[in-house]
Amino acid sequence: MRLQFDDSVEAFRAELLEWLALNRPSAETMAADPSVSTGHAPEWARRWTRTMFDAGWLVPGWPPELGGRNATPTQTLVYLEELAKAGVPRTTNVQGLGIVAPSIIDYGSEAQIRDYAMRILRGEATACLGMSEPDAGSDLAALRTRAVRDGDHFVVDGQKVWTSGANYADFCFVFCRTDPDVPKHKGISILIVDMDSPGITVRPLPEIVHPEHPDLNEVFFDGVQVPADHLVGELNAGWAMANGSLAHERGMVWVSAVQGISEAMAHLHEEAPDRIDALPPDERALAIDRITQVEIDAFAARCLGYRAFAKLARGGSAPEQALMKLFTSETRQAVAEVAAALQGPDALVVGGASFDGHQAIDEPQGTWLEQYFVSFANTISAGTSEIQRTIIAERVLGLPREPRPA
Amino acid sequence: MRLQFDDSVEAFRAELLEWLALNRPSAETMAADPSVSTGHAPEWARRWTRTMFDAGWLVPGWPPELGGRNATPTQTLVYLEELAKAGVPRTTNVQGLGIVAPSIIDYGSEAQIRDYAMRILRGEATACLGMSEPDAGSDLAALRTRAVRDGDHFVVDGQKVWTSGANYADFCFVFCRTDPDVPKHKGISILIVDMDSPGITVRPLPEIVHPEHPDLNEVFFDGVQVPADHLVGELNAGWAMANGSLAHERGMVWVSAVQGISEAMAHLHEEAPDRIDALPPDERALAIDRITQVEIDAFAARCLGYRAFAKLARGGSAPEQALMKLFTSETRQAVAEVAAALQGPDALVVGGASFDGHQAIDEPQGTWLEQYFVSFANTISAGTSEIQRTIIAERVLGLPREPRPA
Amino acid sequence: MDLELDADQLELRDHARAFLADACPPSLVRGVYEGTGTADGLWKSMVDLGWPALGIDVADDGLGQGFIAEAVLVGELGRVVAPTPYLATVTQLAPMLAEAGAHDVLARIAAGTCTGTLAVHETTAKASRHITAQAIPIGGGRRVLDGTKTHVLDGATADEVAVVVRGGPDDERGLGIVLVPREAFDAEPLIVIDPTMPLATLHLDGIEVDADRVLIEPGSPEAGWRIGLVQAHATVAMAISCVATCRAILEATVEYAKQRHQFGRPIGSFQAIKHRLADLYLAVERADALAWYAACTIAEQDRSGHAPMAAHMAKAAAGDCQRLATRDGLQLHGGIGFTWENDLHFLLKRAVTTAFLFGDAASHRVQLAQCRGLEA
Amino acid sequence: MDLELDADQLELRDHARAFLADACPPSLVRGVYEGTGTADGLWKSMVDLGWPALGIDVADDGLGQGFIAEAVLVGELGRVVAPTPYLATVTQLAPMLAEAGAHDVLARIAAGTCTGTLAVHETTAKASRHITAQAIPIGGGRRVLDGTKTHVLDGATADEVAVVVRGGPDDERGLGIVLVPREAFDAEPLIVIDPTMPLATLHLDGIEVDADRVLIEPGSPEAGWRIGLVQAHATVAMAISCVATCRAILEATVEYAKQRHQFGRPIGSFQAIKHRLADLYLAVERADALAWYAACTIAEQDRSGHAPMAAHMAKAAAGDCQRLATRDGLQLHGGIGFTWENDLHFLLKRAVTTAFLFGDAASHRVQLAQCRGLEA
């Protein structure tokens, strides 16, 4: 138990920072052509991905041929922290780089790796993740989108919803039901589907704030023909891969989540003195105390993250990730709520906020009140907070599962 | 919708206050011989019950022959409030007067009314309520204490627990299983059992604070012979009567609960200025705010009570009572918690508190911290707060019941 | 004490609810949000029904039904997020006119030919409850204004604005009220989260008002106290509106929880969801009971000093309730509630707006504590 | 940053846990509660194991294992509500002696022949964190004391008490420390909710101390800062103890929820119970992570000013966690936890005691805000 990293980690950090200073896209470059959806990679983003890939800084923990440098987990942690601190996105296509590419590399064929994963890694393509459905939001086993084998193709029919980035992505990682006759979680497979395939309709779903920049979509599949060799891994083995994919997503998501919280706290601390000064005396201590409460949460999130990381590095498991997902998403929400309350009626005024692009899922846009609303994306998606609590209760605390309904 | 009562209610209040001033037991009388259990009626308490009965002030809503004066519900409300404000208990045997006597009058035989209910009303006997069992705390339908008919007697075997006042009560209103072969809630009956019957063992359960003054007990029934005519109402109709009994308990319980909260708030407001003065400046506003939060709760409890009363008077139902039970018990707990926190480490010092008797279930004894611990009696007993929330969700909001386990 | 509506009030509520179901459907609110429609017709229908006149005294050409009836309508309008000048006109300007005995303008409000609002809040003030705007005497009873007001509800459209001012730069306690017509000042509309509650900043520098527009002379006996009563009135109305919106969120969320299935059962059958909704119900009931208690103190024109305390409790509880309703309403709706296409967000944004205007929960708790003599 | 125990520390923890399971069963705690037994033998065994020496520097005859090892034992003792002088002696007096370079007394502590405590809190102080007790110079480096300390842990039994004082009546900033032996003063034991954490009031008026017992000269350079570091040390230890007790409450409650059946199923299978326990787990983890982070700042003798802030966060989070643990632990145990016969209440009362000593959550949040420059 100690507060400092050892010298080799610090040397790694120094090398990264030096490289970043020379190669990163400037804030002006990014603002001039913002990413308007998590499936959208503007020109600068594509170049930046390629630059990182070539230098082995895209996925440092992977070998050089996959855009990495065989970094240790601790080095990867430092990498993610420093990138977040520098205010430069690792990617604008978070699910492509974070889930789809690793899943294809883990489970896909050589051709799939070459044609899809590597194109994501080189900044040539973006991907979206087709999991949620209208009647299967948090309940993947209930999904209904069907893929029926027909010669050398699958024919896909059905509907996905909440598909981030589908309005811009080049392809979709689609979870489909390929065997309707077995128990619900057993007949699921994953297909790679090109988004320009005939029969796909994408309907953007404007959000509660900033409806002019939709990122979520409904995706309709109507007799979409998908080559049979676009099946990822084994037929009907999608459930196990989903757990693998989610683990990819959740493994170190806390790093950017924690960094997002820190940045939000830094903004709040900037604003706080003037706002507090404007309050009647007896309200000041209350406002300060609310800020202090979230400040403690913010710091606790970082400490918890480091501890979860230490456990993960020693072979720990998913429940720690449930705790981090729950705590960071609720803390981010609380920071926005406290900051909006501090603004009082000024919080209601939203005209002044600019939109600087979907740079990372943990960076809600706009005013504090808008950020508060947007923050629910993180307490709802990828397993609601309610589901995280159930996971913690059952898998960490060992409480009995609910009896099956009669 | 208005804030004042009409003149007839105020005239009733004036008559009561005049009578109380002349007839009530003095604080000194009560303190000299405190009630040490809710089954214990000291000499002054027995006299006081009889005095109220004779004057028609014991149960004002009943006819004169039962200790009342046919008061309206609104008058009864005023009566309960004024009694609580005067700091004089209506009875020390809350469950006897509040549940057992009314239930016997509603469902019992003439002999039962004469020999048991009327003796409670005249201050000649006290009663306890035998519902909870070790494996049937909140779940009455799971009770196991058996009563088997044997000639002109029932033979009772089993165990009750959490039986308030059983260590002093003269008789017990025992819920027993009389038909083991029907669904759980169908085979339950109620027997009146004299506590000096052979085969009864009472084992007091000292509580988390003040273990020297136990009120809760385990009661063991080992082949206890109960005359068959001690069966209350119909055989196997106990479930329906239980709901009746509980309604008796819950109908206007909020009045004394709300008054208890008000008194606790008054104590807190007395202490507050000195305590706040002793705090460092920035902590003062936080302490004040915590007090203000419970003050609002306390006032809300009263408003909610009046509203529930208005609905009850117009034929409303039990769910309003679930809300009052939940809110008043949690508010009383919050007041104690806030007051203890205000005392800081002084809250840990318990030596100075005197014991002034179990005068009412809503008057926790001792220091604020002790009151906090004791307050859980009210969030646990008579249906835990968790059960109240489920009742509200299902009966008020109409949410679907949980599916039955397979 | 009777905190239930009587038969007449219940009938009014049911009538208003039925009328608004037709006259103010979510599509109308959406039109205002998206700039594709207006609610002018709704206001006209309300005027035709005599709603603005309802609570105004008969002597001022009103219907004399009192504040409870007015509050019933405020609640019904809050339920459906109605975009109307009712709240500002009837619960902010009108009580100020009544307190000042301004019969003519009151009669115009009753007739539906005048809308109005109350301008209290100032961004520039060091302390948000401290008033710095001034009305400086310039002879002949006339005054010239100096200052800026902001977050004024309907401030860019109201016909008449009652402005809380001081009598001059050195007049620390001398609060007063002047009435300024729309055409006299610059109003800067603010882009707000809830366009059905339009706010504006009013620039008042150099505006001259005649003696008859000084509704309450700054520094006159009990001026601060009288203005406080009107603020209590407006605050209670805002609390009623907020709680009604929160109840609509609760109802929408309960309905959704009954319909939405996950893991093979309605999500409302999961115990954790049930308990969250039970707690939300409790928060709504708590706030509602306090709001209607406070409404009674307004309706009965309580001048014992209890009305401001009741208003503080009501608005504090409304704020608490909004916090839970917004959070749980949005969270339990899942992704659906997160979309622009769903109507839920109209309710959420209205709830936040009414919770923040006229003081948030913490601010009212502090003021309540001060009434109780507790000050840090 | 690595916030997990290393292999040696884990071994120490497992060893301590196994030892205490035998040496400090609930029956021993019950004996102390009911006045029918003592824990003298437990302390003797701990001394035999070298526990008091564990964290003391080798130069002071200790084992030099540092604060993390010490904190591991504090946590294990907190888990079983052990009634021992460990906390006061090792985490309150010893760090003060180390800061002052008082080798002799430290060596006696390491040898297990001396117990001690730290006296900070004063009831009579206007502000609870303000020190009024004085040590007035009377020549020859000697001082005479004036004042009363209260809520002193083990104050009636400790062999040596380090007292936080001012140098004189006018010396607003001049904090210092004097060391007073047990036989010198009157100690008034307090009857407390948790008799395993005995508190006392110490009457210090007129006690004279020699120059060598002035551990930190009032007004000496950085005296206040150095005393603050020791208070941070003691505060973090109290937080570790509190969180460990809360974790024991969590574990007991989870275990009970698995065993206890109602409505035909274990109550732990009800979702609302699950979510309550998940939230409690989260509160325990949050407090635990902050406590161990703070422990690292103590162990690494951080003098950058971060240790006090870390201590404030740790104790604030411990207090939050205690509030939930006490409430949910007691509530979810139902009637069983309400009885004297069940062991749960030992944990509950210990948790409250450690949460309230050395500052509650609100107090530490205020102090943290002040470190951040936020002051009302």
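- Residues D/V352 and B/F373 come closest through the heavy atom pair CG2-CZ, 4.2 Å.
- The structure places CH2 of D/W340 at 11.5 Å from CD of B/E207, a figure rounded to the nearest 0.5 Å.
- For B/E337, the part sitting under 4.5 Å from any heavy atom of chain D is the side chain, from C-beta outward, and nothing else.
- At a 4.5 Å heavy-atom cutoff, the contact between B/A377 and chain D is made by backbone and side-chain atoms alike.
- For the pair B/V209 and D/I193, the minimum side-chain heavy-atom distance is below 4.5 Å.
- Nearest heavy atom pair, residue D/E341 against residue B/P206, reads OE2-CD, 4.0 Å.
- Two residues are said to be in side-chain contact when any heavy atoms from C-beta on lie closer than 4.5 Å; D/H151 and B/D346 meet this criterion.
- Atom CZ of B/R275 is surrounded by more than 12 heavy atoms from other residues, nucleotides or ligands within 6.0 Å.
- Between B/I387 and D/F263, the closest side-chain pair of non-hydrogen atoms falls below 4.5 Å.
- With a 4.5 Å cut-off on side-chain heavy atoms, B/I208 and D/L330 count as touching.
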Legend entry - Stepwise side chain to side chain contact (heavy atoms under 4.5 Å, CB included) check, D/T339 with B/W162: CA-CA 10 Å; D/T339 63; B/W162 318 127; 3.4 Å; yes
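- Across all their heavy atoms, B/L286 and D/V366 have their closest contact at CD1-CG2, 3.5 Å.
- No side-chain donor-acceptor contact under 3.5 Å links D/K349 to the backbone of B/L348.
- There is no contact between B/D274 and chain D, counting heavy-atom distances below 4.5 Å.
- Heavy atoms closer than 4.5 Å to chain B are found in both the backbone and the side chain of D/I336.
- The CG atom of D/L332 sits 10.5 Å away from atom OG of B/S385, with the distance rounded to the nearest 0.5 Å.
- In this structure, no portion of D/F358 lies under 4.5 Å from any heavy atom of chain B.
- No hydrogens or angles considered: a donor-acceptor pair under 3.5 Å links the side chains of D/Q331 and B/E386.
- Distance CD1/D/I273 to OG1/B/T384: 7.5 Å, rounded to 0.5 Å.
- Looking at D/Q370, the atoms closer than 4.5 Å to chain B (heavy atoms on both sides) all sit in the side chain, from C-beta outward.
- Minimum heavy-atom separation, B/A347 to D/F356: CB-CE2, 3.7 Å.
- Distance CG/D/L348 to OH/B/Y372: 9.0 Å, rounded to 0.5 Å.
- With chain B as partner, the option from D/R365, D/R327, D/H345 having the largest number of non-hydrogen pairs under 4.5 angstrom is D/R327.
- Neither the backbone nor the side chain of D/A272 comes within less than 4.5 Å of any heavy atom of chain B.
- The two residues D/L357 and B/P345 come nearest to each other via the heavy atoms CD2-CB, 4.4 Å.
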